[in-house]
**Q** 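Structure provided below as structure tokens; questions to follow.
Labels below follow one simple rule: chain letters A, B, ... track the order of the sequence lines, proteins then strands, and each chain is numbered from 1. Hydrogens, waters and symmetry mates play no part in the numbers below; they use all other heavy atoms, side chains included.
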There are 2 protein chains.
Amino acid sequence: MGNKEQTFQKIIEVAYVMFAEKGFDKTSLAMIAAEVGISKPAIYYYFQSKDQLIAYLFEELYKEIQRDIAVDYKELSPTNFKGELLELGYKSIDAQGKDPYFNKIFNQYVLLAARDESYMKQLVELETSFLTSFVEILQYGVRLRVLEDNPNMEAKAQMLALLYDNIGNFMLTGNQLNYKAIWKEAVDSVIQGGKDEKEK
Amino acid sequence: MGNKEQTFQKIIEVAYVMFAEKGFDKTSLAMIAAEVGISKPAIYYYFQSKDQLIAYLFEELYKEIQRDIAVDYKELSPTNFKGELLELGYKSIDAQGKDPYFNKIFNQYVLLAARDESYMKQLVELETSFLTSFVEILQYGVRLRVLEDNPNMEAKAQMLALLYDNIGNFMLTGNQLNYKAIWKEAVDSVIQGGKDEKEK
DNA sequence: GTCTATACCGTGATAGAC
DNA sequence: GTCTATCACGGTATAGAC
């Protein structure tokens with residue numbers, strides 16, 4: 001890893017943290033440069049503009065999210081289906097504490113998307129595959145006979161997806177709710193008296 | 001209404017729209033002043049700073065939301081309980097088309113709150129009363145005997161609240177889902193086979 | 001009391017030296 | 001690959017016109 005690569009990495013690491021903490025607009029390139037230990041125009045050697053730096057970070061997030069959305073169906077079985085679905089939410093709730101920056105940054109991109117078609121397009125793409133994966137999980141549950149087939153299955157899946165998503169948003173505000181209980185309610189409502197009632 | 005009041009009103013109206021469309025930071029006071037038809041420093045006669053103008057608009061939203069959250073229990077009866085709960089969500093979904101600015105502005109305050117204690121405090125307050133009102137509605141449902149009492153009632157109510165809230169966020173991205181079907185699924189899951197199955 | 005003119009400093013961005 | 005110098009524009013403050 002050369003000097004160039006090092007500086008590049010340091011810029012994006014510093015930018016990621018500062019953007020999350022202070023927001024895109026309240027973080028100046030001068031502040032980033034100072035923290036990295038270079039001068040402001042030096043950043044322009046690596047990025048054509050501040051917007052491009054912001055866009056680069058989004059691309060990184062985009063790829064990371066796409067990886068995280070992927071569900072391994074092979075691990076699902078009639079006996080563990082409900083437990084795995086519960087675990088999916090619990091993991092996300094626990095993860096919130098580990099990278100507090102993620103949600104703060106991501107919400108800013110949602111706002112940008114409202115005014116920028118390119119962000120909007122990618123965000124809708126993410127949301128679509130996010131929603132789709134929940135639909136697919138439930139459909140897989142039908143195949144495993146854990147769930148009865150149901151014309152409203154898509155709406156149920158989307159309900160889970162929207163709830164899953166907003167738990168992250170609410171945690172951002174520091175609102176101390178029993179999020180795991182809420183998630184369990186939702187999963188229970190979709191898998192009413194599932195066949196694997198081992199819990200409690 | 002005097003001249004002063006007129007200018008004041010026009011500033012906040014113009015600011016509300018521009019802030020929603022372009023965002024707080026990308027909307028300069030010069031742009032607002034130009035649209036209102038006054039000079040940039042004239043805004044300082046009415047507001048001490050740009051931040052104060054932003055804060056003023058938040059106060060207005062804050063009051064408006066508090067009004068909207070209020071539910072009229074008197075109108076709830078065993079026969080219309082489920083229908084009214086459904087209607088609550090449908091109304092919000094329909095309203096989204098009427099004031100597209102609201103959510104765009106509100107999301108910006110959520111971001112500000114992450115870095116400003118005063119916004120955070122008020123936002124948590126709003127969320128709390130928002131969550132509480134859903135809990136109260138369900139508790140009222142128990143009293144009406146539409147719902148069976150249940151130790152998880154609070155989690156159910158919060159599930160509804162989080163879903164209700166995120167439907168608005170998703171609509172913002174232009175994602176075309178059948179939001180009313182999603183809301184109906186959630187209400188159905190809380191009021192399983194309620195006593196007023198007149199629908200369809 | 002209501003606003004304009006003007007000046008100040010910080011910001012994103014560019015050109016050119018080293 | 002990085003810096004100095006410079007620019008236009010942003011929010012802000014104040015003096016003063018009417």
**Q** What I'd like to find out is whether the side chain of A:L57 reaches to under 4.5 Å of the side chain of A:I12, using heavy atoms alone.
**A**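 Answer yes - side chains close enough.
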**Q** If we ignore hydrogens and angles and just use 3.5 Å, is the side chain of B:R115 paired with the main-chain N or O of B:L111 as donor and acceptor?
**A**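 Yes, because the side chain of B:R115 sits within donor-acceptor range (under 3.5 Å) of the backbone of B:L111.
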**Q** Below 4.0 angstrom, which residues in residues 26-41 of chain A have at least one non-hydrogen atom near DNA chain D?
**A**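 Only A:I38, A:S39, A:P41 qualify.
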**Q** Kindly give the heavy-atom pair with the smallest separation between B:Y179 and B:I167, and that separation in Å.
**A**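 For B:Y179 versus B:I167, the nearest heavy atoms are CD2-CG2, 3.7 Å.
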**Q** Mind listing the side-chain donor-acceptor pairs of residues 14-25 of chain A below 3.5 Å, one per line with the distance, residues two or more places apart or on another chain?
**A**
from, atom 1, to, atom 2, distance (Å)
A:Y16, OH, A:D99, OD2, 3.2

**Q** Within the 3.5 Å criterion, strictly below it, is a donor on B:E185 or A:Q158 matched to an acceptor on the partner's side chain?
**A**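 On atom types as modelled, these side chains do not qualify, holding no pair under 3.5 Å.
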**Q** Any idea how B:Y56 and B:F8 line up, ring-wise: parallel (<30°), tilted (30 to 60°), or perpendicular (>60°)?
**A**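 Perpendicular.
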**Q** Out of B:Y73, B:F134, B:F81, which one pairs with B:Y140 under the ring pair (Phe, Tyr, Trp, His ring centres under 6.0 Å) rule?
**A**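 Looking at B:Y73, B:F134, B:F81, the match for B:Y140 under the ring pair (Phe, Tyr, Trp, His ring centres under 6.0 Å) is B:Y73.
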**Q** Ignoring hydrogens, what is the shortest heavy-atom contact between A:I11 and A:V36? Give both atom names and the distance.
**A**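 Here A:I11 and A:V36 meet closest at CA-CG2, 3.9 Å.
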**Q** To the nearest angstrom, how far is A:I54 atom CD1 from C:dT11 atom C1'?
**A**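 These atoms are roughly 13 Å apart.
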**Q** Listed in order of residue number, which residues of residues 42-51 of chain A have a non-hydrogen atom at under 4.0 Å from DNA chain D?
**A**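 Residues of residues 42-51 of chain A that come under 4.0 Å of DNA chain D are, in numerical order, A:A42, A:Y45, A:Y46.
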**Q** Over how many whole Å does the gap from B:Q52 atom CD to D:dA13 atom P extend?
**A**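 In whole Å, D:dA13 P and B:Q52 CD are 11 Å from each other.
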